[in-house]
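Written out below as structure tokens is the structure these notes cover.
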Amino acid sequence: MSTLHLFDSLTGELKPFEPLHAPKVGMYVCGPTVYSDVHLGNTRTFLSFDLLFRYLMHLGYQVRYVRNITDAGHLESDADSGEDKIAKKARLEQLEPMEIVQRYTVGFRSVMQAYNALPPSIEPTATGHIVEQIELIKKLLAEGFAYEANGSVYFSIETYLKTYPYGELSGRSIDDLEAGTRELDGQDDKRHPLDFALWKKAAPEHLMRWPSPWGAGFPGWHLECSAMSTKYLGEEFDIHGGGMDLKFPHHECEIAQNKGATGQGGARYWLHANMLTLNGKRMAKSTGNTLDPRDLLTGNSPHLTKAYSPGAVRFFIHQAHYRSVLDFSDSALQAAEKGYYRLLTSLEVLRARAAQGPARGTWSVADWNAQCSEAMNQDLNSPVLIAQLFEAAKAVTLDQKDPQVLGTEGAAELLHSMETWLFSVLGLSPESHSGNAKYQQALDAAMSVVLDVRRKARETKDWTTSDALREALSRGGIVVQDGPEGSSYRVE
RNA sequence: GGUCUCGUGGCCGAGAGGUUAGGCAAGGCUCUGCAAAAGCUUGUACAGCGGUUCGAAUCCGCUCGAGACCUCCA
């Protein structure tokens with residue numbers, strides 16, 4: 001029996017997972033900035049952490065999962081003239097900033113729900129924690145890690161370096177970082193180019209603003225996560241997750257803020273989910289190389305040939321390891337969908353299995369389950385878990401011919417286990433291929449009439465009529481299949 | 001320019017110093033009026049060039065290629 005190991009970005013190692021206060025686990029994940037629709041890349045990250053959340057609960061942990069909503073807006077640039085992203089969008093659309101926030105927050109939640117991601121335990125907003133952020137700045141000022149300049153407050157990297165290292169998470173040296181520093185306008189207030197803002201003075205036209213001891217302004221980019229993770233999970237907690245692109249500077253700064261204020265770096269395990277690429281390039285709102293997760297469900301995108309179910313998309317995502325770059329393509333998604341439906345069919349076969357054969361079969365469900373756990377324990381290796389599910393499907397097929405394979409109790413256990421892995425852990429939903437029950441009933445009724453006519457034609461070997469009917473139905477998206485026990489149909 | 005990651009069979013994607021990943025597609029077979037579906041089965045891959053080793057796709061070096069970060073971004 002193995003135990004859960006997670007890859008910690010800070011040490012670059014696979015570490016055995018030992019919670020600080022088992023069976024409680026604290027987990028913080030950087031959520032979306034709600035100034036536009038989430039794209040499929042964002043979705044992948046959140047589904048990766050949903051998988052972790054689910055697996056931790058599967059292991060019996062009581063997880064407090066905190067995922068923030070960034071609604072205070074980030075600067076567009078580091079310059080003093082920088083404009084709040086949310087405020088900018090608001091001006092463009094002639095809306096209140098909080099209207100933008102509300103619209104995209106609702107959109108984000110509906111996408112997460114559509115893809116069967118469990119809601120986090122707490123979903124705190126940055127604007128709801130201005131007080132905590134101001135308190136954190138006060139603490140950093142008191143500790144000497146921050147300084148005020150012209151109504152703004154900055155974190156001092158030089159001071160910080162006297163006590164702590166900086167750049168550990170991203171593996172960067174100060175020299176490297178300085179080499180990469182660019183000249184930006186309006187940075188006069190900063191003492192050092194690597195310093196970052198904790199509080200920014202708001203320009204008169206800036207819409208999102210709050211009073212503070214340093215005047216009207218708004219919080220810096222990295223502050224909210226430090227403030228909210230500390231508030232809800234403590235100065236030291238178990239897991240912090242986010243997208244790979246947040247590693248630097250966001251998480252690096254977060255660690256510095258935490259250590260500066262509390263002496264603790266925050267999380268003990270830093271997890272980073274890798275990017276989803278489209279056409280070999282990173283999906284990003286700013287470049288337009290994006291795919292809306294909702295479009296996958298309608299098929300309404302130039303990148304798609306058809307609509308997919310949320311389960312098929314999730315299956316596709318979990319067929320790659322969360323730390324690998326995954327390249328999206330319609331054909332890859334189709335391949336995943338076919339495999340996924342095969343597994344669901346196998347599950348239906350297992351559900352319908354007659355109680356026959358011995359109690360235990362020759363195929364060990366316990367061994368199989370152990371292998372599934374082993375896969376997930378290796379840093380959430382969902383691709384291997386899925387490969388195991390196909391092994392189970394193979395056993396189900398063998399069992400159909402020979403009930404000695406699974407046996408009565410074995411089959412029941414396998415069914416329960418497969419459902420657990422597929423639905424509870426991988427977060428796939430037990431979907432029906434059909435839609436609305438009322439229309440399904442009506443269609444069944446109509447089809448039984450048509451198939452009956454066709455059956456009569458076939459009995460008299462009137463292949464012309466029978467094939468014409470099948471052809472016509474096929475054009476309408478109904479596939480008819482003839483089997484030994486008659487004909488069946490499915491909608492494609 | 002700096003830091004780093006990756007390059008696996010037709011495609012997607014695990015693994016990893018010697019042992020079958022898995023899925024999809026493709027070929028063959030079974031079934032079948034035909035078709036479909038389903039089942040069985042086949043393929044022997046790890047960018048290139050060197051090196052270490054009894055043995056490397058897996059370790060080291062170089063080359064080529066791709067990507068990420070260095071600037072808000074999951």
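Just so we're on the same page: letters track the sequence lines, and every chain starts at 1.
- RNA chain B is contacted by both G243(A) and F315(A); F315(A) maps to the nucleotide lying nearer its 5′ end (nearest heavy atom per residue).
- For P124(A), the side chain to side chain contact (heavy atoms under 4.5 Å, CB included) test picks out V66(A), N68(A), I122(A), H129(A), M228(A), Y232(A), with sequence neighbours left out.
- Remark: P of rC73(B) and CZ of F46(A) are 12 Å apart, rounded to the nearest angstrom.
- If you measure from atom CG of L343(A) to atom C1' of rG23(B), you get 9 Å, rounded to the nearest angstrom.
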- Item | Secondary structure string for RNA chain B (Watson-Crick or G-U under 3.5 angstrom, | for other-strand pairs) | (((((((..(((.....[...))).(((((.......)))))....(((((..]....))))))))))))....

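- Regarding L271(A), its CG atom lies at a distance of 18 Å from the P atom of rA74(B), rounded to whole Å.
- You'll find that the side chain of L246(A) is closest to rA74(B), out of rG67(B), rA36(B), rA74(B).
- Here the C1' atom of nucleotide rG22(B) and the CG atom of L426(A) are 14 Å apart, to the nearest Å.
- Here rC73(B) presents its C1' atom at 15 Å from CG of L40(A), a figure rounded to the nearest Å.
- Rounded to whole angstrom, the span from the CG atom of L276(A) across to the C1' atom of rA68(B) amounts to 14 Å.
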Quiz: residues 468-480 of chain A side-chain donor-acceptor pairs under 3.5 angstrom, not counting sequence neighbours:
{"residue": "R470(A)", "atom": "NH1", "partner": "D482(A)", "partner atom": "OD2", "Å": "3.4"}

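- The minimum heavy-atom distance between H222(A) and C253(A), with the atom names listed, is CD2-CB, 3.3 Å.
- Base engagement by G41(A) is indicated by at least one non-hydrogen atom pair under 4.0 Å involving a base atom.
- With both ends at atom C1', the span from rU63(B) to rC6(B) equals 16 Å, rounded to whole Å.
- Taking every heavy atom of residues 386-397 of chain A and every atom of RNA chain B, pairs under 4.0 Å involve A387(A), F390(A), E391(A), T397(A), by number.
- With sequence neighbours excluded, the residues that form a side chain to side chain contact (heavy atoms under 4.5 Å, CB included) with V349(A) are V396(A), Q400(A).
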- Going 5' to 3' through nucleotides 3-8 of chain B, assign each nucleotide B (protein heavy atom under 4.0 Å from a base atom), S (under 4.0 Å only from sugar-phosphate atoms) or - (no protein heavy atom that close). S-----

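- When heavy atoms are screened at a 4.0 angstrom cut-off, V29(A) is found touching no nucleic acid atom at all.
- As judged by a 4.0 angstrom heavy-atom cut-off over every strand, K247(A) is placed among residues making no nucleic acid contact.
- Remark: R172(A) qualifies as a cation-pi partner of F248(A) under the 6.0 Å distance and 45° angle criteria applied to the six-membered ring.
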Distances under 3.5 Å between nitrogen or oxygen atoms of protein and nucleotides 10-15 of chain B:
{"residue": "rG13(B)", "atom": "OP1", "partner": "D327(A)", "partner atom": "N", "Å": "3.2"}
{"residue": "rG13(B)", "atom": "O2'", "partner": "Q319(A)", "partner atom": "O", "Å": "3.4"}
{"residue": "rA14(B)", "atom": "OP1", "partner": "H321(A)", "partner atom": "N", "Å": "2.6"}
{"residue": "rA14(B)", "atom": "OP1", "partner": "S324(A)", "partner atom": "OG", "Å": "3.0"}
{"residue": "rA14(B)", "atom": "O3'", "partner": "N381(A)", "partner atom": "ND2", "Å": "3.3"}
{"residue": "rG15(B)", "atom": "OP1", "partner": "N381(A)", "partner atom": "ND2", "Å": "3.1"}

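- For the side chain to side chain contact (heavy atoms under 4.5 Å, CB included) test, residues two or more places apart in sequence or in another chain that qualify with S48(A) are R44(A), A273(A), Y322(A).
- Atom C1' of nucleotide rC73(B) and atom OH of Y104(A) are separated by 16 Å, given to the nearest angstrom.
- Rounded to a whole Å, the CD1 atom of I69(A) is 11 Å from the P atom of rA74(B).
- Pairs passing the salt bridge (Lys or Arg N to Asp or Glu O under 4.0 Å) check and including a residue from residues 243-256 of chain A, sequence neighbours excluded, read D245(A)-R282(A).
- No contact: G483(A) has no heavy atom under 4.0 Å from any strand.
- Between H318(A) and L51(A), the closest side-chain pair of non-hydrogen atoms falls below 4.5 Å.
- Taking the ring axis of F49(A) as reference, the NZ or CZ atom of R67(A) does not stay both within 45° of it and closer than 6.0 Å to the ring centre.
- No contact: H272(A) has no heavy atom under 4.0 Å from any strand.
- R314(A) and D50(A) are joined by a salt bridge, as a carboxylate oxygen and a charged side-chain nitrogen come within less than 4.0 angstrom of each other.
- Comparing rA47(B) with rA66(B), their C1' atoms are spaced 11 Å from each other, to the whole Å.
- Map V479(A) and R342(A) each onto its nearest nucleotide of RNA chain B; the residue landing nearer the 5' end is R342(A).
- There is no side-chain donor-acceptor pair under 3.5 Å between D195(A) and H192(A).
- At a cut-off of 3.5 Å, with distance as the only test, no side-chain donor of Q334(A) or S329(A) sits close to an acceptor on the other residue.
- Residues F155(A) and Y160(A) bring their aromatic ring centres within 6.0 Å.
- Using atom C1' as the reference point in both rG9(B) and rG13(B), the two lie 12 Å apart (nearest Å).
- Sorted by first and then second residue, the salt bridge (Lys or Arg N to Asp or Glu O under 4.0 Å) pairs involving residues 321-341 of chain A (not counting sequence neighbours) are K306(A)-E337(A), R323(A)-D379(A).
- In this view, L161(A) and I157(A), Y166(A), I174(A) satisfy the side chain to side chain contact (heavy atoms under 4.5 Å, CB included) rule, not counting sequence neighbours.
- The closest donor-acceptor contact from the side chain of S152(A) to the backbone of K201(A) lies under 3.5 Å.
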- Task: Could you encode protein contacts along nucleotides 25-34 of chain B as a string, one character per nucleotide from 5' to 3', using B for base contact, S for sugar-phosphate-only contact and - for no contact, with a heavy-atom cut-off of under 4.0 Å?
- Result: S-------BB

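- The side-chain tip of K15(A) points at the ring of Y269(A) from less than 6.0 angstrom away and within 45° of straight on.
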